Amino acid sequence: MSGPMALGPDGTGQDTLVLRLAGTAARPRDPHPPAQEAVSRLAADLADRIGPAVHPYEVAALLEAEGLTGDQITHQYGHPDLFSLAAALYDQVPRSFPEPARPADPWRPDHLRCLLRGLLFALPGLAYPLTAPLWHPGRHAAALVVAGLVSWAWGQALGHRAYVRMATGRHEAARTLLTGAPLGAACATAAAAPLTGGHPVPLLATAAQSLYLAAAGVLLVMARERHLLAALTPLVAGATVLPWWEPGRTLRIALPLLALLAVLAVTAHALRTANGAPAAPGTPRPRLLASLPYGLFGLAAGVLVLLEGRQAPYAVITLTLSMGPAEWLLYRYRGLAVAALRATATPTGFLLRSAGVLGLCLLGYLLPLLPAARLTGAAPAPLLLLAATLWTALLLQAFGAAWPPAAVSLAAAAGAGAVTLLHLPPGPAALPLCCGAAALCLTAYALRLLGRPARHA
């Protein structure tokens with residue numbers, strides 16, 4: 001028989017104490033108490049928002065925004081206050097800083113629009129083979145050329161002024177076009193009238209050409225390319241059947257006239273329905289002198305293209321169609337230049353990248369013209385140098401540098417024109433020499449001007 005049971009320090013039986021300790025040792029301790037599990041679940045739920053935090057205070061602000069109360073923090077998550085829980089969550093969730101979303105290209109071109117513009121520049125030329133048997137335009141070519149040059153120069157200046165007025169609203173731009181387009185058509189017709197010899201048919205043809213160029217310029221400024229294409233459908237249809245069918249005198253007159261009337265009607269509708277409220281009273285108008293260099297460049301470009309057309313008439317068609325890709329590449333240059341600005345950290349690095357972008361876009365414009373020159377029988381050098389002059393001048397104008405390209409282009413046109421008219425040496429080589437010098441000057445200026453990051457910011 002055993003002796004009396006020994007008592008423990010607290011008066012309990014020692015055997016009882018041993019049994020309790022044995023029971024405690026037999027039960028495994030829960031490694032994740034309920035409060036800690038709740039914190040872990042909260043961390044998992046908010047991991048994508050806690051990971052980018054740079055300080056526990058940001059997590060505390062997040063928890064407040066989630067509406068956690070003091071009782072929840074204390075009883076459910078086992079922390080004395082909000083900042084303690086925020087610190088625990090900040091330590092538990094690994095830091096994750098996602099890459100910022102790649103910004104959209106602000107200069108992404110509208111591919112279809114650029115393609116249409118190049119086509120629309122060339123389609124009106126179909127009127128000449130369609131109407132040629134009626135009035136022999138070759139005899140009055142000077143009148144058409146003079147009217148075309150005046151319309152081209154006026155249209156360039158008016159387009160610039162309308163785009164500037166667009167900043168105060170489409171209504172103001174429409175008013176500018178409504179006033180300027182008819183005035184430009186009248187000036188072009190008046191300038192060519194003395195060269196028609198008083199004959200009514202060439203005078204009417206010159207007036208029709210001037211009206212069309214004025215109306216088409218309005219539609220292109222207002223981004224109504226599809227409407228212009230639809231209006232030209234009768235002219236395109238009539239010219240398309242010429243190789244296989246003689247449309248007759250009536251249709252030769254009616255189809256171009258119908259196309260002209262359709263273009264004028266579409267233009268009037270576009271101007272009448274231009275959206276936007278009038279500018280506030282007292283809004284300053286842009287200075288007329290600001291549009292002058294754009295008009296002078298239009299005149300110089302017209303003269304240079306005319307001189308090229310005298311040597312290779314089909315080269316003019318190639319240049320005209322290339323204006324669509326040229327505009328597309330202007331947008332691409334601006335987009336690539338912005339990307340280069342984001343990818344470089346030093347002015348020198350950006351200068352090198354911008355030079356590469358300029359060379360890439362210029363080559364992208366010129367290389368397709370090389371096989372086109374061979375197909376049209378044009379000498380490659382004059383065509384490519386003229387195209388390089390026009391594209392770099394347009395690029396500088398797109399960045400607001402208007403006078404340098406106007407002055408350089410005018411000098412090239414004056415030099416090549418004087419040699420051609422006066423039959424001076426070097427004769428036919430004058431155009432490529434003048435265009436080569438102009439392209440070199442404009443490219444050097446573009447590298448200097450557009451190699452600065454501030455121009456693309």
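Keep in mind the model is a prediction, meaning the values are calculated, not measured.
R249 contributes no side-chain N or O that, together with a main-chain N or O of P247, makes up a donor-acceptor pair within less than 3.5 Å. No donor-acceptor pair closer than 3.5 Å links the side chain of R455 to the backbone N or O of L450. Side-chain atoms of T443 do not come within 3.5 Å of backbone N or O of L440 as any donor-acceptor pair. A distance-only check finds no donor-acceptor pair linking the side chain of T196 to the backbone of A192 [under 3.5 Å]. At distances below 3.5 Å, not a single donor-acceptor pair connects side-chain atoms of S151 with backbone N or O atoms of G148. Formation of a donor-acceptor pair under 3.5 Å by the W328 side chain with backbone atoms of P109 is not found in this model. For R117 (side chain) and P325 (main-chain N/O), no donor-acceptor pair under 3.5 Å exists by modelled atom type. At distances below 3.5 Å, at least one donor-acceptor pair connects side-chain atoms of E58 with backbone N or O atoms of V54. In this structure a side-chain-to-backbone donor-acceptor pair under 3.5 Å is present from Q72 to T69. At least one donor-acceptor pair closer than 3.5 Å links the side chain of T392 to the backbone N or O of T389.
Between V93 and L46 the shortest side-chain heavy-atom distance does not fall below 4.5 Å. Looking at L183 and W154, their side chains come closer than 4.5 Å, going by heavy atoms from C-beta outward. Using a 4.5 Å heavy-atom threshold, the side chains of L177 and T267 count as separate. Side-chain contact between M222 and R170: present, with at least one pair of heavy atoms (C-beta onward) separated by less than 4.5 Å. Side-chain contact between L229 and L123: present, with at least one pair of heavy atoms (C-beta onward) separated by less than 4.5 Å. Side-chain contact between L304 and L386 is present, with heavy atoms from C-beta onward closer than 4.5 Å. Side-chain contact between Y445 and L396: present, with at least one pair of heavy atoms (C-beta onward) separated by less than 4.5 Å. Inter-residue side-chain proximity for W245 and L251 is flagged as met; some heavy-atom pair is nearer than 4.5 Å.
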Could you walk me through whether H55 and Y90 pass the ring-ring contact (aromatic ring centres under 6.0 Å, His included) test, one step at a time? CA-CA 8 Å; H55 194 276; Y90 182 82; 7.0 Å; no

Output, in order, the C-alpha distance, side-chain angles, deciding distance and verdict of side-chain contact (heavy atoms from CB on, under 4.5 Å) for L149 and V146. CA-CA 5 Å; L149 290 177; V146 169; 5.7 Å; no

Tell me, with the steps shown, if L82 and L63 meet side-chain contact (heavy atoms from CB on, under 4.5 Å). CA-CA 8 Å; L82 175 69; L63 297 178; 3.6 Å; yes

Before giving the answer on side-chain contact (heavy atoms from CB on, under 4.5 Å), spell out for V266 and L228 the whole-Å C-alpha distance, their side-chain angles and the decisive distance to 0.1 Å. CA-CA 7 Å; V266 169; L228 179 56; over 6 Å; no

As a quick check of understanding, evaluate side-chain contact (heavy atoms from CB on, under 4.5 Å) for L144 and Y128, giving each step before the final call. CA-CA 11 Å; L144 293 174; Y128 298 109; 4.0 Å; yes

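Contact detail for G335 and W107: the closest heavy-atom pair is N-CB, 3.7 Å. Minimum interatomic distance between A207 and T189 (heavy atoms only, all atoms of both residues): CA-OG1, 3.6 Å. Shown here for D48 and D45, the closest heavy-atom pair between the two residues is OD1-O, 3.9 Å. F297 approaches L394 most closely through the heavy-atom pair CE2-CD2, 3.7 Å. The nearest pair of heavy atoms linking P293 to A406 is O-CB, 3.4 Å. Closest non-hydrogen pair, F350 versus A337, comes out as CE1-O, 3.6 Å.
Both the sub-6.0 Å distance and the 45° axial angle are satisfied by R334 relative to the ring of F399.
Between L395 atom CG and L449 atom CG the span is 9.0 Å, to the nearest 0.5 Å. Note that SG of C114 and CE of M323 are 12.0 Å apart. Values are rounded to the nearest 0.5 Å. Rounded to the nearest 0.5 Å, atoms CD (E327) and CG (D110) are 9.5 Å apart. Distance check, rounded to the nearest 0.5 Å: CG of L116 to NE2 of H111 gives 13.5 Å. The OG atom of S354 sits 6.0 Å away from atom NE2 of H456, with the distance rounded to the nearest 0.5 Å. Interatomic distance, OG1 of T376 versus CG of L383, reported as 6.5 Å (0.5 Å rounding).
Between R49 and E66, at least one side-chain nitrogen of the basic residue sits less than 4.0 Å from a carboxylate oxygen of the acidic one, meeting the salt-bridge criterion.
In H269, the NE2 atom is not crowded: 12 or fewer heavy atoms of neighbouring residues, nucleotides or ligands sit closer than 6.0 Å. Crowding of Y331 atom OH: a count of heavy atoms from other residues, nucleotides or ligands under 6.0 Å not exceeding 12.
Applying the salt bridge (charged side-chain N to carboxylate O under 4.0 Å, His left out) rule to pairs touching residues 229-247 yields E246-R252, sequence neighbours excluded.
Ring-plane geometry between H160 and Y294 is classed as parallel, the angle between the planes falling under 30 degrees on a 0 to 90 degree scale with a further cut at 60.
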